[in-house]
Amino acid sequence: MGEEHSMLILIKNISWRRWYRDNSHADSREFGHQRRFKFIAEYGLLMLFFAGWQIASTQGWLNAAVIPPLDRIFAALWQGISSGALLDDIAISLQRAGIAFLSSALVGIPLGLVMGQIRIVERALDPILQLFRQTSALALYPVFILLLGLGEASKVFVIFWSSLFPLLLATISGVKGVDSKLLEMARTYGASPLTLFTRIILPSSIPSIFVGLRLSATSALLLLIASEMIGANKGIGFQVMNAQYNFQIPSMFAAIFLLAFLGISVNFVLVRLQRRLCRWHSAYAH
């Protein structure tokens, strides 16, 4: 009787292990299919675009002197990075854009939080800020050069100018979008103004602030190129213009791809940070 019982337990254990193994493999296969489908859905069109570019350029459907094949572009990019020729330009461009972007965050976020909460401050500052916002940073760049010279100060300031306003407006919008009923309920329970700000207003504004940060990062990179194309002898934007002047088209596209990669990397970091800080929000719960 004891041997039969032991045999039954052994058979059950073997059957359970087989069932678990088969279902684990099935789940793994299904998860792998889902990941591949997600990857194709997200990047399939981009891969087709690059494949079409490569084929059209190598087959002569496009003028390879103007739009070279991707293999020549990436070869030029690898040569520039491996030889160290582009490393100084990358460092200088990141320094210019980074200083301007951080400065816009240090100014735009606190100012937006104040303007979003205090109506009289918003009314006083909004007209002049709207005037400045509607004035193109590129149109003001000659003014900045006259005031600050052709050095780093004018380049950093024009980038700061262009990246400030998207972040400022997004922060104001985030503060104004806070649920008024939630604020009223907190006041009813005796919450102090500091508690309202730290527990309700600021956390509720974070998603909008991150939208502004991503827009500001994009503006910073765009104005970085424009500023480095005028009166600069270093930087990725300078390399784009220098390669175009010398008709080194693969090197020109290599610098453009490098800029795109930097922009994607910054956006990726901000999105990851936003998801981590906004896990309580329903849009970032998964």
Determine the minimum heavy-atom distance between G112 and V175, stating which atoms define it.
O-CG2, 4.2 Å
Under 3.5 Å, which donor-acceptor pairs link side chains of residues 115-126 to any protein atom two or more places apart or in another chain?
from : atom 1 : to   : atom 2 : distance (Å)
Q117 : NE2    : L113 : O      : 3.1
R119 : NH1    : E122 : OE1    : 3.3
E122 : OE1    : K176 : NZ     : 3.0
E122 : OE2    : K176 : NZ     : 2.5
D126 : OD1    : Q130 : NE2    : 3.3

Identify the heavy atoms of P142 and L138 that sit nearest to each other, and give their distance.
CD-O, 3.5 Å
Say you draw a straight line from CG of N242 to NZ of K234; how long is it, rounded to the nearest 0.5 Å?
10.0 Å
Hydrophobic cluster membership, with links at side-chain heavy-atom distances under 4.5 Å among I/L/V/M/F/W/Y: are L148 and V143 in one?
yes
Can you get from L140 to L164 by hopping between Ile, Leu, Val, Met, Phe, Trp and Tyr side chains that sit under 4.5 Å apart?
yes
So does Q248 get a backbone contact from the side chain of N246, meaning a donor-acceptor N/O pair under 3.5 Å?
no
Heavy atoms of F101 and L213 approach each other most closely as CE1-O, 3.4 Å
Kindly work out whether a path of hydrophobic side-chain contacts (I/L/V/M/F/W/Y, heavy atoms less than 4.5 Å apart) joins L111 to I128.
yes
Rounded to the nearest 0.5 Å, what's the gap from CD1 on I99 to CG on L94? Could you check?
11.0 Å
May I ask you to test the I236-I90 pair for a side-chain heavy-atom distance under 4.5 Å?
yes
Run the side chain to side chain contact (heavy atoms under 4.5 Å, CB included) test on W161 and Y141 for me, step by step, so that the C-alpha distance in whole Å, both residues' side-chain angles and the decisive distance to 0.1 Å come before the verdict.
CA-CA 10 Å; W161 188 272; Y141 192 31; over 6 Å; no
With a 3.5 Å cut-off and sequence neighbours excluded, list the donor-acceptor pairs that the side chains of residues 253-268 form with protein atoms.
from : atom 1 : to   : atom 2 : distance (Å)
S265 : OG     : F261 : O      : 2.8
N267 : OD1    : R214 : NE     : 3.0

Output side-chain donor-acceptor pairs under 3.5 Å for residues 67-82, partner residues at least two apart or in another chain, one line each.
from : atom 1 : to  : atom 2 : distance (Å)
S82  : OG     : W78 : O      : 2.7
S82  : OG     : Q79 : O      : 3.3

Rounded distance (nearest 0.5 Å) linking atom CZ of F197 with atom OG of S205:
8.0 Å
Drop me the distance from I109's CD1 to I206's CD1, to the nearest 0.5 angstrom.
9.5 Å
Spacing of I225 atom CD1 and Q239 atom CD [to the nearest 0.5 Å]
11.0 Å
If Ile, Leu, Val, Met, Phe, Trp and Tyr residues are connected whenever their side-chain heavy atoms lie under 4.5 Å apart, and connections chain through other members, are L221 and V271 in the same group?
no
Between K155 and E228, is the closest basic N to carboxylate O distance under 4.0 Å?
no
Would a distance-only check, ignoring hydrogens and angles, find a side-chain to backbone donor-acceptor pair under 3.5 Å from S57 to Q54?
no
Of all heavy-atom pairs between L167 and A105, which one has the smallest distance, and what is that distance?
CD2-CA, 3.4 Å
If you count heavy atoms of other groups shown closer than 6.0 angstrom to CG of L146, is the number above 12?
yes
Are L169 and L223 grouped together when hydrophobic residues (ILVMFWY) are joined by side-chain heavy atoms under 4.5 angstrom apart?
no
Given L222 and S162, is the side chain to side chain contact (heavy atoms under 4.5 Å, CB included) satisfied, shown in steps?
CA-CA 9 Å; L222 291 175; S162 67; over 6 Å; no
Taking S154 for its side chain and G149 for its backbone only, find out whether a donor-acceptor pair lies under 3.5 Å.
yes
dist I249:CD1 -> M252:CE (nearest 0.5 Å) comes out at 4.5 Å
Smallest separation among heavy atoms of P207 and S204, with atom names:
CD-O, 3.5 Å
With heavy-atom distances below 4.5 Å as the criterion, would you say the side chains of L129 and R133 are in contact?
no
Could you walk me through whether R272 and V269 pass side chain to side chain contact (heavy atoms under 4.5 Å, CB included), step by step?
CA-CA 5 Å; R272 289 293 180 180; V269 171; 5.9 Å; no
Smallest separation among heavy atoms of S163 and S216, with atom names:
O-OG, 2.6 Å
